[in-house]
Amino acid sequence: MMTKTRYVFVALAILISLHYILSFSHEGYGNATSLDSIKATIQGFRGQKDTAKDEVVKVWHEPPYKTPIPAKYFTNETKPSRKANAVIVSLARNGDLNGIIRSMSQMEEKFNHRFGYPYVFLNEEPFTEEFKRSVSSLTKSLVEFGLIPHDHWFQPDWIDEAKATKNRDWMVENNVIYGGSVPYRNMCRFNSGFFFRHPLLDKYRYYWRMEPDVRYFCTVRYDPFLFMQDEKKKYGFTISLPEYGETITTLWDAVSEFVRDHPEHVVKDNAMGFLSDDGGETYNRCHFWSNFEIGDLDLWRGESYMKFFDYLDSKGGFYYERWGDAPVHSIGAALFARKDQIHFFEDMGYRHEPFQHCPQSPLHEENRCSCDAKENFEFSLLLSLAALGGHDPLV
Ligand SMILES: Nc1nc2c(ncn2[C@@H]2O[C@H](COP(=O)(O)OP(=O)(O)OP(=O)(O)O)[C@@H](O)[C@H]2O)c(=O)[nH]1
Ligand SMILES: *[C@@H]1O[C@H](CO)[C@@H](O)[C@H](O)[C@H]1NC(C)=O
Ligand SMILES: *[C@@H]1O[C@H](CO)[C@@H](O)[C@H](O)[C@H]1NC(C)=O
Ligand SMILES: [Mg+2]
């Protein structure tokens, strides 16, 4: 699958993500020994360059993204009595049935058979009876199936199709992942600006996004929705990495214009430091991997994000480029939520190809995680560097 160039990019992606993970671990709790040894190894690889050391051990700016879950959220009740107003939401095609079954079985086994949160499935085409029957049989919870309104999904008429086609063709020639796909762009725009407006979600406040063919490795012994609600968190993630630059060529220009014209929407103590290494001048392409999200729907429904999304949408970049919902959500969360309202679910073992987050000791044992603790997103860096023969992926 990988050309050499792509490999270098992945290595670079992993290296940058290592910066976060090191910073997350830096202020936290637990045993940092393994991370220390990784730092040492990388410094070994990078040897002679003095600056490299600082770069690698750099603390990724301010935020207290990582906070231990307070004991009061843990429960052994078979059917916990207190619940949040929350839903597990999944966008899927009928053809995703098997992948959804695999994801949802684990969601039930590791978490929801006890907590009993409802599900909403959304699709721009009607779900088949087979899909509805198969999915509903996996849970005792309420499961609802929604049709996405036409205008929330398809490419708007005002998009210049000739320009969009030309840019898609360029991306295909340059091997940009999903570069030629219009449905993928529909999906990214829908997840960025519309999923939270679907009527089936109106009655809910918190959501957990579930995709087909993901893995949940650990037992969830507490209610993450109650944690979000009571601790006033707005956005939760498990993996963060940099976006492919070609897909977001002018995204940061649009963001900067919005911030300049509407400074009143940007909150104090935001997470700009996560997005930019130069005070907002340029985007470092860091984003939370949005195939896993536990979030507050009101973050997206609020005036700030709605105006922000409309502004981005008016630029046409979802179609002229290939703006992803991951950078768009991440930038939204980082600007319209305080940095202490963004949470790293370190205890949640999670895999979406080709990366996984596997909790380290003692979280690994406490949550009976069924993943190899050595196979963890930040650790794959070592393999990438080794494959590159010790060449420094940053030069
Ligand atoms: N209804 C519908 N759902 C879609 C469509 N395309 C993608 N999805 C869903 O949108 C989510 C993201 O799509 P994915 O194809 O998983 O995209 P990705 O995660 O970037 O890439 P891979 O998982 O590596 O393919 C998943 O929940 C998909 O099931 C579509 O055309 N229609
Ligand atoms: C971390 O683990 C190592 C090896 O298991 C152990 O020697 C060390 O004392 C631990 N450190 C902390 C802070 O728990
Ligand atoms: C749940 O059960 C485990 C094992 O018996 C125990 O260690 C833990 O303290 C219990 N937790 C709560 C919140 O009661
Ligand atoms: Mg996916």
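Order of listing sets the numbers, starting from 1, for every ligand and every atom in it. When reading the values below, keep in mind they use all heavy atoms of this one structure, side chains included, and skip hydrogens, waters and symmetry mates. Along the sequence shown, residues are numbered consecutively beginning with 1.
- For the residue pair Tyr216 / Glu109, no side-chain donor-acceptor distance below 3.5 Å is found, with atom types taken as modelled.
- Of the protein's heavy atoms, at least one falls inside 4.0 Å of atom 13 (C) of ligand 3.
- Taking atom 12 (C) of ligand 1 as the reference point, the nearest protein heavy-atom neighbour is Glu211 OE2, 3.1 Å.
- Nearest non-hydrogen protein atom to atom 21 (O) of ligand 1 is Tyr178 OH, 3.1 Å.
- Of all the heavy atoms in Gly280 and Ser276, the pair that sits closest is N-OG, 2.8 Å.
- Using a cut-off of 2.8 Å, one finds that Glu211 contributes an N/O/S atom close to the Mg ion (ligand 4).
- Salt-bridge formation is not detected for the pair Glu161/Lys163: no Lys NZ or Arg NE/NH1/NH2 atom is positioned less than 4.0 Å from an Asp or Glu carboxylate oxygen.
- Looking at atom 31 (O) of ligand 1, its nearest protein heavy atom turns out to be Trp153 CZ2, 3.5 Å.
- Per-atom contact check: atom 9 (O) of ligand 3 does not touch the protein, criterion being a heavy-atom distance below 4.0 Å.
- Taking only non-hydrogen atoms, the option from Ile177, Ile100, Leu91 nearest to atom 28 (C) of ligand 1 is Leu91.
- The protein heavy atom nearest to atom 20 (O) of ligand 1 is Tyr184 OH, 2.5 Å.
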Worksheet entry | ring pair (Phe, Tyr, Trp, His ring centres under 6.0 Å) evaluation trace for His343 with Phe227 | CA-CA 10 Å; His343 179 73; Phe227 167 76; 4.7 Å; yes
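- Here Asp298 pairs with Arg301 in a salt bridge; the nearest charged N to carboxylate O distance falls below 4.0 Å.
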Discussion item. Checking Arg93 against Asp96 for the salt bridge (Lys or Arg N to Asp or Glu O under 4.0 Å) test, could you report, in this order, the C-alpha distance in whole Å, the side-chain angles of both residues, the deciding distance, and whether it holds?
Written reply: CA-CA 5 Å; Arg93 292 155 288 206; Asp96 289 320; 3.0 Å; yes
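- For ligand 1, the atoms sitting less than 4.0 Å from at least one non-hydrogen atom of Pro212 are 26 (C), 27 (O), 29 (O), numbered in the order shown with element in parentheses.
- Under the 4.0 Å criterion applied to side-chain N and carboxylate O atoms, Asp296 and Arg205 are assigned as salt-bridge partners.
- Of the protein's heavy atoms, Asn76 ND2, 2.3 Å lies nearest to atom 2 (O) of ligand 3.
- Atom-to-atom distance recorded for Glu246:CD and Trp170:CH2 is 5.5 Å, nearest 0.5 angstrom.
- Trp300 and Tyr207 form a side-chain donor-acceptor contact under 3.5 Å, judged by distance and modelled atom types alone.
- Under 4.0 angstrom from ligand 1, there are no non-hydrogen atoms of Glu353.
- At the shortest separation from atom 29 (O) of ligand 1 among protein heavy atoms lies Asp96 OD2, 2.9 Å.
- Among the heteroatoms counted here (N, O or S) of His352, NE2 is the one nearest to the Mg ion (ligand 4).
- A cation-pi geometry, defined here as NZ or CZ lying under 6.0 Å from the six-membered ring centre and within 45° of its normal, does not hold between Lys132 and Phe127.
- Between Ala92 and ligand 1, at least one pair of N/O atoms sits closer than 3.5 Å.
- Distance remark: protein heavy atom not present below 4.0 angstrom from atom 5 (O) of ligand 3.
- Note: Tyr206 and Phe225 fail the aromatic proximity criterion, with ring centroids not under 6.0 Å apart.
- A side-chain N or O of Tyr73 and one of Glu231 form a donor-acceptor pair less than 3.5 Å apart.
- With respect to atom 32 (N) of ligand 1, the closest heavy atom belonging to the protein is Glu124 OE1, 3.0 Å.
- Nearest residue to atom 7 (C) of ligand 1 from His352, Met187, Met210 is Met187 (criterion: closest heavy atom).
- Remark: ligand 1 and Arg93 share an N or O pair separated by less than 3.5 Å (distance only, no angle test).
- Counting atoms of ligand 1 from 1 in the listed order, those under 4.0 Å from a heavy atom of Asn123 are 1 (N).
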